[in-house]
Peer 1: 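Take a look at this one; I'll ask things after.
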Amino acid sequence: INIALNKLGEFAKTERNYLFLFSEDKNSAVINNIWFADHSAGQQVYLEKWSIEQLPWFIKQLNQFKTISIPSVTQLPESANKEKQLLQSQQTLSTILIPLCYEKELVGFIGFDSLLKEKEWSQEDEVLLRLAGEICVNALMKGKIKQELKEHQSELEKLGEKRTKKITNAIDLLQWK
């Protein structure tokens with residue numbers, strides 16, 4: 001994922017790229033991966049966790065599976081004032097946020113921030129970044145599912161060992177009598 005964020009940053013000419021996943025309770029978005037351009041001053045200023053209450057306008061858009069393209073943070077509507085303040089506090093001039101969906105559920109978003117100059121996002125940029133987001137979320141979910149399967153397999157092996165031990169003990173008791 002980090003390599004993908006690096007390559008996408010080079011393509012999009014952005015200085016900070018990140019992937020956030022929503023918490024289980026959907027009350028916050030937690031950073032899963034982040035990439036900075038070598039020259040990026042934005043390495044010092046970013047949040048690792050966003051409360052959903054900080055992002056009402058973003059969340060409304062993302063819940064509708066809409067890409068949020070912001071060529072100029074200063075031009076955000078009044079209804080996005082919380083997001084505007086947050087982005088400005090992180091030295092963001094332009095950003096694009098792509099919803100990450102898995103099995104028809106919003107699970108997070110991938111973002112690309114321009115910190116050095118305002119940037120107009122083309123339709124081609126949006127399509128490519130959306131596709132990259134889908135690839136990233138599928139890779140993440142595949143890894144998560146693999147980990148869950150390993151954990152379940154380990155639990156089953158432990159249960160099998162316990163059951164075998166109980167059967168062995170029962171056989172030993174029967175043979176002793």
Peer 1: Is Q64 atom CD crowded by more than 12 heavy atoms from other residues, nucleotides or ligands, each under 6.0 Å away?
Peer 2: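 Counting neighbours around CD of Q64, more than 12 heavy atoms of other residues, nucleotides or ligands fall under 6.0 Å, so yes.
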Peer 1: Would you find a donor on one side and an acceptor on the other, under 3.5 Å apart, between the side chain of S51 and the backbone of E53?
Peer 2: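 Looks like yes, one N/O pair under 3.5 Å.
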Peer 1: Counting only heavy atoms not in I3, do more than 12 sit closer than 6.0 Å to its CD1 atom?
Peer 2: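 No.
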Peer 1: Quick one: does any side-chain atom of Q88 pair with a main-chain N or O of V73 as donor and acceptor, under 3.5 Å?
Peer 2: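 Answer holds: no.
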Peer 1: Looking only at side chains, do T92 and R16 share a donor and an acceptor under 3.5 Å apart?
Peer 2: yes
Peer 1: Report the distance from atom CD1 of I135 to atom CD1 of I110, rounding to the nearest 0.5 Å.
Peer 2: 10.0 Å
Peer 1: Nearest 0.5 Å please: distance from the OG atom of S94 over to the NZ atom of K13.
Peer 2: 14.5 Å
Peer 1: State, with a plain yes or no, whether a side-chain heavy atom of K119 is found less than 4.5 Å away from one of L93.
Peer 2: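 Counting from C-beta outward, K119 and L93 never come under 4.5 Å.
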Peer 1: Counting only N and O atoms by type, is there a donor-acceptor contact under 3.5 Å from the side chain of N17 to the main-chain atoms of L5?
Peer 2: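 At least one qualifying donor-acceptor pair exists.
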Peer 1: Flag the pair L131 / V127 as yes when at least one side-chain heavy-atom distance between them is below 4.5 Å, and no otherwise.
Peer 2: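 Of all side-chain heavy-atom pairs linking V127 with L131, none is under 4.5 Å.
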Peer 1: Find the distance between NZ (K165) and CG (D172) and round it off to the nearest 0.5 Å.
Peer 2: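 One gets 12.0 Å once the value is rounded to the nearest 0.5 Å.
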Peer 1: Mind checking whether R130 and P99 have side chains closer than 4.5 Å, heavy atoms only?
Peer 2: yes
Peer 1: Whether the S114 and T14 side chains hold a donor-acceptor pair (N or O, under 3.5 Å, no angle test) is what I'd like checked.
Peer 2: no
Peer 1: Is there a path from F65 to I59 through hydrophobic residues (I, L, V, M, F, W, Y) whose side chains come within less than 4.5 Å of each other?
Peer 2: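 Yes, F65 connects to I59 through the hydrophobic network.
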Peer 1: Step by step, would you call I68 with F58 a side-chain contact (heavy atoms from CB on, under 4.5 Å)?
Peer 2: CA-CA 8 Å; I68 303 169; F58 281 174; 3.8 Å; yes
Peer 1: Who pairs with E120 by salt bridge (Lys or Arg N to Asp or Glu O under 4.0 Å), at least two apart in sequence or on another chain?
Peer 2: none
Peer 1: For a quick test of reading the model, state the closest non-hydrogen atom pair linking P71 to S69 and the distance between them.
Peer 2: CD-O, 3.5 Å
Peer 1: Output all residues satisfying salt bridge (Lys or Arg N to Asp or Glu O under 4.0 Å) with E105, sequence neighbours left out; order by chain, then residue number.
Peer 2: K26
Peer 1: Any donor-acceptor pair under 3.5 Å linking the side-chain atoms of T74 with those of S72?
Peer 2: yes
Peer 1: Shared ILVMFWY cluster between L8 and V137, side chains joined below 4.5 angstrom?
Peer 2: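 Linked within one cluster.
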Peer 1: Could you tell me whether W50 and F22 have their ring centroids closer than 6.0 angstrom?
Peer 2: no
Peer 1: So D113 and E15, side-chain contact (heavy atoms from CB on, under 4.5 Å) or not? Walk me through it.
Peer 2: CA-CA 6 Å; D113 294 348; E15 291 76 42; over 6 Å; no
Peer 1: With rounding to the nearest 0.5 angstrom, report the CG to CG distance, L100 to L97.
Peer 2: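 L100 CG to L97 CG: 10.0 Å, rounded to 0.5 Å.
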Peer 1: With side chains defined as the heavy atoms from C-beta onward, is the minimum distance between K66 and Q61 less than 4.5 Å?
Peer 2: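 In contact.
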Peer 1: Do I96 and L128 land in one hydrophobic cluster if side-chain heavy atoms of ILVMFWY residues count as linked below 4.5 Å?
Peer 2: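 No, separate clusters.
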Peer 1: If you link ILVMFWY side chains whenever their heavy atoms are less than 4.5 Å apart, which other residues fall into the same cluster as I167? By chain and number, please.
Peer 2: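 Once heavy-atom contacts under 4.5 Å are chained together, I167 belongs with I171.
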Peer 1: Applying the 4.5 Å side-chain criterion to the ILVMFWY set and letting contacts propagate, would L115 and F11 be lumped into a single cluster?
Peer 2: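 In one cluster with L115: F11, no.
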Peer 1: May I have the step-by-step check of side-chain contact (heavy atoms from CB on, under 4.5 Å) for F112 and W121, ending in yes or no?
Peer 2: CA-CA 10 Å; F112 302 88; W121 304 96; 4.1 Å; yes
Peer 1: Okay, side chain of D125, backbone of S122: is any donor-acceptor separation there less than 3.5 Å?
Peer 2: yes
Peer 1: How are the rings of Y18 and F109 set to each other: parallel, tilted or perpendicular (split at 30° and 60°)?
Peer 2: perpendicular
Peer 1: Rounded to the nearest 0.5 Å, what separation is found between the CZ atom of R163 and the OG1 atom of T168?
Peer 2: 12.0 Å
Peer 1: Is there side-chain contact between F20 and N32, with heavy atoms separated by less than 4.5 Å?
Peer 2: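 F20 does not reach N32 side chain to side chain.
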Peer 1: Please round to the nearest 0.5 Å and tell me the distance separating atom CG of L76 and atom OG of S79.
Peer 2: 8.5 Å
Peer 1: Under the side-chain contact (heavy atoms from CB on, under 4.5 Å) criterion, do L19 and L140 qualify, and how do the steps go?
Peer 2: CA-CA 11 Å; L19 188 147; L140 281 172; 3.5 Å; yes
